[in-house]
Amino acid sequence: VQLQASGGGLVQPGGSLRLSCVASGINYSLNFMGWYRQAPGKQRELVATISSGGSANYADSVKGRFTISKDSAKNQVYLQMNSLKPEDTAVYYCYAQRVLRYWGQGTLVTVSS
């Protein structure tokens, strides 16, 4: 199982980015997909998750600004990030889970003027 995340980059405060993650080597349905992030010197934290049924949960810090979505047929998950703030700067990791949790390699998001 491999997860490949993409879409990170440098953006100014108030800007937007869309992260994508595709899971390969999976021939069964997933229960959850989602995103965590880890800022320098901080622990990895949950950003957003989405269930197989489409229910989404968000960290309080991103509610109203980030939107998670998925394409189950393609085993892909997306994170639309709007109104980005400097404190959103982090490496963003996607994951996919049925029973075991698999992680992607991370994509760096830098919010700076």
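No hydrogens, no waters, no symmetry mates; every other heavy atom, side chains included, goes into these values.
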>> Less than 4.0 angstrom from a charged side-chain N to a carboxylate O is my criterion; do Lys85 and Asp88 meet it?
In response: no
> Do you see a donor-acceptor pair shorter than 3.5 Å between the side chains of Tyr36 and Arg44?
Replying inline: no
> Taking only residues two or more places apart in sequence or in another chain, which ones pass side-chain hydrogen bond (donor to acceptor under 3.5 Å, both in side chains) with Gln38?
Replying inline: none
>> With a 4.5 Å cut-off on side-chain heavy atoms, are Ser16 and Gln80 touching?
In response: yes
> Of all residues at least two apart in sequence or in a different chain, which pass the salt bridge (charged side-chain N to carboxylate O under 4.0 Å, His left out) check with Lys74?
Replying inline: none
> Are the side chains of Leu79 and Phe66 in touch, meaning some heavy atoms are under 4.5 Å apart?
Replying inline: yes
Distance-only check: which donor-acceptor pairs under 3.5 Å involve side-chain atoms of residues 1-8, not counting sequence neighbours?
none

> Should the heavy atoms of other residues, nucleotides or ligands under 6.0 Å from CD of Gln43 be counted, would the total exceed 12?
Replying inline: no
> Do the non-hydrogen side-chain atoms of Val91 and Tyr93 ever get within less than 4.5 Å of each other?
Replying inline: yes
> Does anything in residues 103-113 pair up under side chain to side chain donor-acceptor pair (under 3.5 Å), and if so which pairs, sequence neighbours excluded?
Replying inline: none
> Which residue pairs satisfy the side chain to side chain donor-acceptor pair (under 3.5 Å) criterion with at least one member in residues 17-31, sequence neighbours excluded?
Replying inline: Ser29-Arg98
> Quick one: are Leu46 and Tyr58 in side-chain contact, heavy atoms under 4.5 Å?
Replying inline: no
> Given side chains that start at C-beta, do those of Met33 and Thr49 come closer than 4.5 Å, heavy atoms only?
Replying inline: no
>> Test of understanding: with side chain to side chain contact (heavy atoms under 4.5 Å, CB included), list the residues that count as partners of Ser51, not counting sequence neighbours.
In response: Phe32, Ser55
> Does a donor on one side chain and an acceptor on the other come within less than 3.5 Å for Tyr78 and Gln76?
Replying inline: yes
> Between Val77 and Val22, is any pair of side-chain heavy atoms under 4.5 Å apart?
Replying inline: no
